[in-house]
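By convention in this document, chain letters (A, B, ...) are assigned in the order of the sequence lines, proteins followed by strands, and residues within each chain are numbered from 1.
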Number of protein chains: 2
Amino acid sequence: MKKQLKIKPVADSSTEEKIKNAARIIFHKKGYAATRTRDIAEEAGINLALLNYYFRSKEKLFDIIMLESLHDFRQHIIVALNDEKTSLESKIETLVSNYIDLLINQPDIPLFILSEIRNNPQALISKLNQKEIITKSYFIKQFQQAVQEGKIVHINPLHYIMNLIGMIVFPFVGRPILSYVGQLKQDDFNNLMEQRKILIPKWLKAISKVK
Amino acid sequence: MKKQLKIKPVADSSTEEKIKNAARIIFHKKGYAATRTRDIAEEAGINLALLNYYFRSKEKLFDIIMLESLHDFRQHIIVALNDEKTSLESKIETLVSNYIDLLINQPDIPLFILSEIRNNPQALISKLNQKEIITKSYFIKQFQQAVQEGKIVHINPLHYIMNLIGMIVFPFVGRPILSYVGQLKQDDFNNLMEQRKILIPKWLKAISKVK
DNA sequence: GTCTATATACGGATAGAC
DNA sequence: GTCTATCCGTATATAGAC
């Protein structure tokens, strides 16, 4: 059971990878409860029994997918917020841009995580780890510094965080409705998201002046 | 089977209402697939068989709850956006305020709807009805008017809608995480949302000037 | 209308052949 | 490692007594 490289996995080569990739797709799309192991097997093009052979149970397979998804979801925030070399503004820019790139590739991650947390809060919230990752980040230090200097209006930083993450994530969470209302095709939607990479930092800047 | 008044239902009096209220709570909290009819019966304090006696099946009961939830969720937008008497600004103010009030009372509605749409897009999206409710609303007319007059920067109105709805809804969708990160109690959270009633319209105004 | 007991279906998991 | 066949628990739904 060789561990494969994170960056460039050998695609769908091994059966194990095939199952994991299929599981990610189905779990992300339907959530734990609505997913049937038979669907995963079919998506992976393998026999149902193999799923249990490799992963013992639906739950164990799910835990693996959830852990990886949480990792992806968090990592973009943590890394960006804790870079001590960059300014507040450029931190926002990289975070927004990287995040939107992730979501264009895996648009179902946020709704997946949020709805599973709803179904099982205590179990999952703890897996988010250190609640201080945001509140004690270098970003927050810089933020409070900027408030002191009068560059940002005095306000609960949580509002700022909600707006930041919400502006990035919400369009993906509401994509089906949005695409329906706006009659958007896949590409139309992605183009809008590309625009937001530039717009969101500007908007946040404007907001941070509002009393 | 007398139809009861919408505004002031005779609370939990009838068994039918008891079941519906219980179903709303459980479905909102866990979604269709993860909900067991036994849980609903227990929550309602009635025998499991009665559920089928009154509503025939889990699915039929679910459809009723979903339809009502969609109605609540939409109605606040539609009514506010189509009032021809009010200015653009005051439309926003009422919409934000009414919406946040609804969500403080039923905080699980958005995640409920969004995750069920994800599980079954085509079936539910159609129930949203007329895709023109937003794009052909009086609000959009006023919006485009304001753009013409140079009061609002020229931009795809969908960005504006995403920001508007996202700022309102996202904190509720991400509430478990937010409350965890910010160490918020129920009241702390609600207070933040009350603040947003005032702040969101101001923020949107600032955003609408950003090039 | 409400209950107890039970039928039926479905989905996760395993035994055992290859 | 991979398949077929099958087991078994769980959840929905109904039959029938009260």
Strictly below 4.0 Å: does B:Thr15 bring a side-chain N or O up to OP1 or OP2 of C:dG1?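 No, B:Thr15 has no side-chain N/O under 4.0 Å of OP1/OP2 on C:dG1.
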
Could you write nucleotides 11-18 of chain C as a row of B, S and -, 5' to 3', where a protein heavy atom under 4.0 Å of any base atom gives B, of only sugar-phosphate atoms gives S, and otherwise -? BBBB----

Less than 4.0 Å between a side-chain N and a carboxylate O, is that true for B:Asp188 and B:Lys185?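 Looking at B:Asp188 together with B:Lys185, the answer is no, because their closest N to O distance does not fall below 4.0 Å.
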
Could you state the CD1-C1' distance from A:Ile19 to D:dG1, rounded to the nearest angstrom?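 Distance check: A:Ile19 CD1 to D:dG1 C1' gives 11 Å.
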
Just the rounded figure in Å: distance from P of D:dG1 to CD of A:Glu16.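 These atoms are roughly 8 Å apart.
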
With side chain to side chain contact (heavy atoms under 4.5 Å, CB included) as the criterion, how do A:Val210 and B:Leu199 come out once you've worked through the C-alpha distance, each side chain's angles and the decisive distance to 0.1 Å? CA-CA 8 Å; A:Val210 171; B:Leu199 289 167; 5.5 Å; no

Describe the nucleic acid contact of B:Phe55 in one word from base, sugar-phosphate, nothing, applying a heavy-atom distance below 4.0 Å.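 Contact class for B:Phe55: none.
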
Distance only, no hydrogens: is a donor on one side chain within 3.5 Å (strictly under) of an acceptor on the other, for A:Asn163 and B:Arg196?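 Looking only at side-chain atoms, B:Arg196 and A:Asn163 do form a donor-acceptor pair, the distance falling under 3.5 Å.
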
Does the ring of B:Tyr99 carry B:Lys197 above it, NZ/CZ under 6.0 angstrom from centre and within 45° of its axis?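 Cation-pi check for B:Lys197 and B:Tyr99: fails.
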
Hey, can you tell me if B:Phe62 and B:Phe27 have their rings parallel, tilted or perpendicular (30° and 60° cut-offs)?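 Geometry flag for B:Phe27 against B:Phe62: perpendicular rings.
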
Sequence neighbours left out, what pairs pass ring pair (Phe, Tyr, Trp, His ring centres under 6.0 Å) with at least one residue falling in residues 157-176 of chain B?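 Passing the test, one end in residues 157-176 of chain B: A:Trp203-B:His159, B:Phe143-B:Tyr160, B:Phe172-B:Phe189.
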
